Amino acid sequence: MFKINAERNKFVVKILSDNFSEAIVQQEVILDMLCITVTKEAINPFLLFLRDNNELKYDFLTTLCGMHYPEIDQLGVVYHLHSLTNNHYIRVKTATELSNPVLPTATNIWPSANWMERETFDFFGIQFQGHPNLVRILNVDDMTAFPLRKDFPLEDQTREDKDDSMFGR
Amino acid sequence: MAEKQNSILTPTTAAAPEGISGQGFFATSLEKAVGLARKNSLWPLPFATSCCGIEFMATMGSHYDLARFGSERLSFSPRQSDLLMVMGTVAKKMGPVLREIYIQMAEPKWVIAVGACASSGGIFDTYSVLQGIDRIIPVDVYVPGCPPRPEQIIDGIIKIQELVGNESLRRRNSAEYEALMKKYNME
Ligand code: SF4
């Protein structure tokens, strides 16, 4: 775990709420990391601001991945950012409806988002608008499902030799 | 010196096939002679994708030494091998590659599925893993275990050798074999 830098967290939150008061849905510190949820309309300018603001400089996208909330029919994306200059981490979340899962791409901000967004598309079916090549990356090309959505059955559905009562199908 | 035990770990020279022998000559059928030669000089192609492959390394190493059974030379080209050893988990994305390798092998060819994963998908009952390689290529011998011990792999090889030594030279032309190939959409 990272050392919590409460002062820095406060400072970052202040800058962000000064500039994006409307867009920020929620901000909290989970375990050791500042975590900010923003609306999907604001996600792209928000990320760009995080990268380019002189005080913040989150120039490194550590990781990006999808989430599925079946109870509220939403898909989400979480971005982990790292400021190499300030040695500070931040987690940014956003959500979109399951029925129309479209989000803007982050490849125009960090080119390294390319494969991670492809993976997120592959497993969750989130469409990243503006992505240069949004095709499956890990699963077989002819797959039609999005296997990490919670309603997708984990077991291979073509097996006939297993006793269902023993395997919880 | 103690007499050598005739066990799986100390093979003796290959036994001569049935035939007529007399002073200075030995006669047998061509089929049996070829079978003898084939079975004692298998060139395996190791297709090792995960943990079972590690067990194969032990099998190939000095202690178990698969070379004693005539498989000294591993072939890493499918065109120059006659035994495809599939050892490990085969992801669905790997399936077409495995199939291509099998098709590229020249006749005669045999396949051994080593371990639970290659035989049935093993513990990986999931959307991304092929549930047994026999879904895409025909398999001659299955070796159970997760992973099987080198002795079991050697046992599987010996079962393959029995098959190789006893099958007809022209097995590939039999109606049964052709039906099998058709089942897998191969020519
Ligand atoms: S059968 Fe077991 S040891 Fe072999 S590849 Fe599968 S998981 Fe690994």
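This structure is a prediction, so every number in the text was calculated from the model and none was measured. Below, chain A is the first sequence line, B the second, and so on; all start at residue 1.
Other residues, nucleotides and ligands contribute more than 12 heavy atoms inside 6.0 Å of the CD atom of Glu28(A). Counted within 6.0 Å of CD on Glu22(A), heavy atoms from surrounding residues, nucleotides or ligands total 12 or fewer; the atom is thus considered open. More than 12 heavy-atom neighbours from other residues, nucleotides or ligands sit within 6.0 angstrom of NZ on Lys40(A). Environment of CD in Glu18(B): sparse, with no more than 12 heavy atoms of neighbouring residues, nucleotides or ligands closer than 6.0 Å. Atom CD1 of Ile30(A) is surrounded by more than 12 heavy atoms from other residues, nucleotides or ligands within 6.0 Å.
For residues 134-151 of chain A, a heavy-atom distance under 4.5 Å to chain B picks out Ile137(A), Leu138(A), Asn139(A), Val140(A), Met143(A), Pro147(A), Leu148(A), given by residue number.
No donor-acceptor pair under 3.5 Å is formed between the side chain of Asp125(B) and the backbone N or O of Glu155(A).
By the criterion of side-chain heavy atoms lying less than 4.5 angstrom apart, applied directly or through intervening Ile, Leu, Val, Met, Phe, Trp or Tyr residues, Val29(A) is grouped together with Ile90(A) in one hydrophobic cluster.
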